[in-house]
Amino acid sequence: MPGDRYNPPQSLAYNEFVGELRPSDGRGLTELHVRYGVRRNLYLDWAITLRVRIGDVQDLMVRNEPLERRILEVVEVADSAIVRRTFDPAHPEKPPVSVVLMQLHPGDGLMVDAEYDTTMGCLRKAWNRKHGRPAVNDRHNEALFNFAAQDRDPDFRNGDLSWVRNTLVSLSTDMADAVISDRGAFYFPETTSTAGVLRSSGRMQFIRMEQGRRDSADNQSELPQTDKPLVPTGSPAATSPWVSRRSGLHGANARGLGALASTVGRCQREA
């Protein structure tokens with residue numbers, strides 16, 4: 001019945017972030033993209049998406065446009081439920097296999113908020129089990145999931161860094177073309193984004209970037225490796241007070257997606 005359906009409130013403030021999950025699977029690199037709508041510090045609408053990026057920076061120079069990406073899996077609030085959709089990256093034209101993980105009803109906002117944390121936690125556990133120590137030691141995973149945890153803190157979202165939005169989580173040693181020209185242009189082509197750069201000191205610096213422009217990285221082969229501010233003209237920069245911690249996380253590659261999906265689903269049903 002229509003009156004028994006969960007519908008996210010219309011007055012939500014939406015935000016997004018994306019980063020890569022290592023190690024890569026040959027020329028395929030997994031990206032984790034999160035979009036959430038928040039009100040009164042509750043995530044009342046969200047989608048967690050895994051995509052595989054095909055190609056590398058050399059291919060980007062030839063294409064002169066963002067590299068191809070294919071969806072692997074989405075867990076999201078949709079159709080009055082929390083739904084997992086699993087795609088076949090070898091056949092992107094096929095419809096996904098959809099599984100309802102939890103039915104939702106009016107007033108289930110606290111449950112929706114809690115299931116966001118459950119889903120992210122299940123991803124962490126699944127990747128740790130599947131990939132072991134290489135995942136634990138990878139700083140890209142450390143940066144991405146620690147940023148996700150920090151972004152849950154209302155003092156972070158609403159304080160001095162409230163302008164941090166549409167964040168490209170990266171390391172100072174990452175290639176600027178890969179982060180800004182490719183990933184930024186794909187995920188945030190028409191809006192200002194933020195590069196969240198994990199420094200060698202373990203702190204993250206945030207830099208406002210222009211709208212997914214390729215020329216924003218023309219003079220940089222790498223993101224800066226020092227702790228000195230990198231500030232494009234007219235753009236603010238700030239360093240987050242939180243210090244990154246090892247979290248032991250790793251993204252799944254396309255071949256292992258089925259095992260990951262079943263693990264996440266089982267974890268959610270047991271929660």
Side-chain angles (χ1 to χ4, degrees), residues 1-19 21 30-51 71-87 95-129 141 144-159 161-162 164-167 169 187-188 191 247 249 251-252 257-271:
M1 297 178 59
D4 194 39
R5 295 177 58 84
Y6 174 85
N7 294 307
Q10 296 182 353
S11 57
L12 299 180
Y14 281 89
N15 198 358
E16 302 177 46
F17 62 87
V18 61
L21 295 162
T30 302
E31 294 174 332
L32 175 62
H33 173 241
V34 173
R35 181 176 187 267
Y36 65 84
V38 60
R39 188 176 73 173
R40 297 177 183 175
N41 300 325
L42 297 177
Y43 285 17
L44 301 178
D45 187 23
W46 49 265
I48 300 169
T49 303
L50 290 173
R51 287 183 175 88
I71 298 178
L72 301 175
E73 181 177 354
V74 181
V75 181
E76 62 179 342
V77 178
D79 302 324
S80 192
I82 295 176
V83 183
R84 184 182 71 240
R85 309 188 197 279
T86 305
F87 295 76
V97 176
S98 298
V99 177
V100 174
L101 301 177
M102 178 179 295
Q103 291 287 351
L104 297 174
H105 305 280
D108 280 349
L110 288 175
M111 185 179 299
V112 172
D113 179 76
E115 284 301 307
Y116 171 84
D117 290 330
T118 297
T119 301
M120 294 292 279
C122 288
L123 287 174
R124 295 176 60 170
K125 293 176 182 177
W127 285 327
N128 273 338
R129 283 194 296 267
N141 308 331
L144 179 55
F145 280 88
N146 277 320
F147 173 81
Q150 185 69 20
D151 202 38
R152 283 287 263 163
D153 184 354
D155 291 336
F156 175 84
R157 291 197 312 271
N158 304 322
L161 295 173
S162 60
V164 172
R165 305 185 60 78
N166 304 322
T167 304
V169 182
Y187 286 98
F188 310 119
T191 185
S247 54
L249 314 172
L257 182 66
L260 173 62
S262 62
T263 300
V264 172
R266 183 172 64 252
C267 180
Q268 286 180 318
R269 288 191 297 271
E270 292 172 352

J.: Once you round to the nearest 0.5 Å, how far does CH2 of W46 lie from CG of L12?
T.: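 Going from the CH2 atom of W46 to the CG atom of L12 covers 14.0 Å.
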J.: Using every non-hydrogen atom in the two residues, find where L32 and F145 come nearest and quote the distance to one decimal.
T.: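 Closest pair (atom of L32, atom of F145, distance): CD2-CZ, 3.6 Å.
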J.: Would the distance check show the side chain of S80 and the main-chain N or O of L104 forming a donor-acceptor pair, the cut-off being under 3.5 Å?
T.: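 Here the side-chain-to-backbone pair exists.
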J.: Considering residues at least two apart in sequence or located in another chain, which fulfil the side chain to side chain contact (heavy atoms under 4.5 Å, CB included) criterion with A13?
T.: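 Applying side chain to side chain contact (heavy atoms under 4.5 Å, CB included) to A13 gives V38.
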J.: Who passes side chain to side chain contact (heavy atoms under 4.5 Å, CB included) against A47, sequence neighbours left out?
T.: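 Only E76 meet the side chain to side chain contact (heavy atoms under 4.5 Å, CB included) criterion with A47.
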J.: Y187: which residues meet the ring-ring contact (aromatic ring centres under 6.0 Å, His included) condition with it, sequence neighbours left out?
T.: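 In terms of ring-ring contact (aromatic ring centres under 6.0 Å, His included), with neighbours along the sequence ignored, Y187 is linked to H33.
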J.: Let me confirm one number: the OG1-CE distance from T118 to M102, rounded to the nearest 0.5 Å.
T.: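 T118 atom OG1 to M102 atom CE measures 7.5 Å (nearest 0.5 Å).
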J.: On a heavy-atom basis, which atom in V18 and which in F188 lie closest, and how many Å separate them?
T.: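 So the minimum-distance heavy-atom pair works out to CG1-CE1, 4.1 Å.
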J.: Which residues satisfy the salt bridge (Lys or Arg N to Asp or Glu O under 4.0 Å) test with R51, sequence neighbours excluded?
T.: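 Expected list: none.
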J.: Mind listing the closest non-hydrogen atom pair of S98 and V83 along with its distance?
T.: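 Taking every non-hydrogen atom into account, CB-CG1, 4.2 Å.
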J.: Can you tell me which residue pairs pass the salt bridge (charged side-chain N to carboxylate O under 4.0 Å, His left out) test with a partner in residues 36-47, sequence neighbours excluded?
T.: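 Listed by first then second residue: nothing to list.
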J.: L44 and Y6: which non-hydrogen atoms are nearest, and at how many Å?
T.: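 The answer is O-OH, 2.6 Å.
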J.: Measuring from atom OG1 of T86 to atom CD1 of I71, what distance do you get when rounded to the nearest 0.5 angstrom?
T.: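 Going from the OG1 atom of T86 to the CD1 atom of I71 covers 11.5 Å.
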J.: For a quick test of reading the model, state the closest non-hydrogen atom pair linking T167 to F147 and the distance between them.
T.: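 Where T167 meets F147 most closely, the heavy atoms are OG1-CZ, 3.7 Å.
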J.: Name all residues meeting the salt bridge (Lys or Arg N to Asp or Glu O under 4.0 Å) criterion together with D79; count only those two or more places apart in sequence or in a different chain, and write none if there are none.
T.: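 With neighbours one apart ignored, the set is R85.
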J.: I want to check something: taking the side chain as every heavy atom from C-beta on, are Y116 and V34 in contact at a cut-off of under 4.5 Å?
T.: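 Yes, close enough: below the 4.5 Å cut-off.
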J.: Atom CD1 in I48, atom CD1 in I82: separation rounded to 0.5 Å?
T.: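 That separation rounds to 9.5 Å.
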J.: Before you tell me yes or no, could you show the steps for V75 and L123 under side chain to side chain contact (heavy atoms under 4.5 Å, CB included), namely the whole-Å CA-CA distance, both residues' side-chain angles and the distance that decides it to 0.1 Å?
T.: CA-CA 11 Å; V75 181; L123 287 174; over 6 Å; no
J.: Could you walk me through whether R157 and N41 pass side chain to side chain contact (heavy atoms under 4.5 Å, CB included), step by step?
T.: CA-CA 9 Å; R157 291 197 312 271; N41 300 325; 3.1 Å; yes
J.: Considering residues at least two apart in sequence or located in another chain, which fulfil the side-chain hydrogen bond (donor to acceptor under 3.5 Å, both in side chains) criterion with Y36?
T.: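 With neighbours one apart ignored, the set is N15, D151.
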J.: Mind checking what makes side-chain hydrogen bond (donor to acceptor under 3.5 Å, both in side chains) contact with R152, not counting sequence neighbours?
T.: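 Here the qualifying residues are D113, D117.
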J.: Do you know the tightest heavy-atom contact between A81 and V100?
T.: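 Heavy atoms of A81 and V100 come nearest at CB-CG1, 3.8 Å.
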J.: Rounded to the nearest 0.5 Å, how far apart are CZ of F17 and CD of Q150?
T.: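 Answer rounded to 0.5 Å: 12.0 Å.
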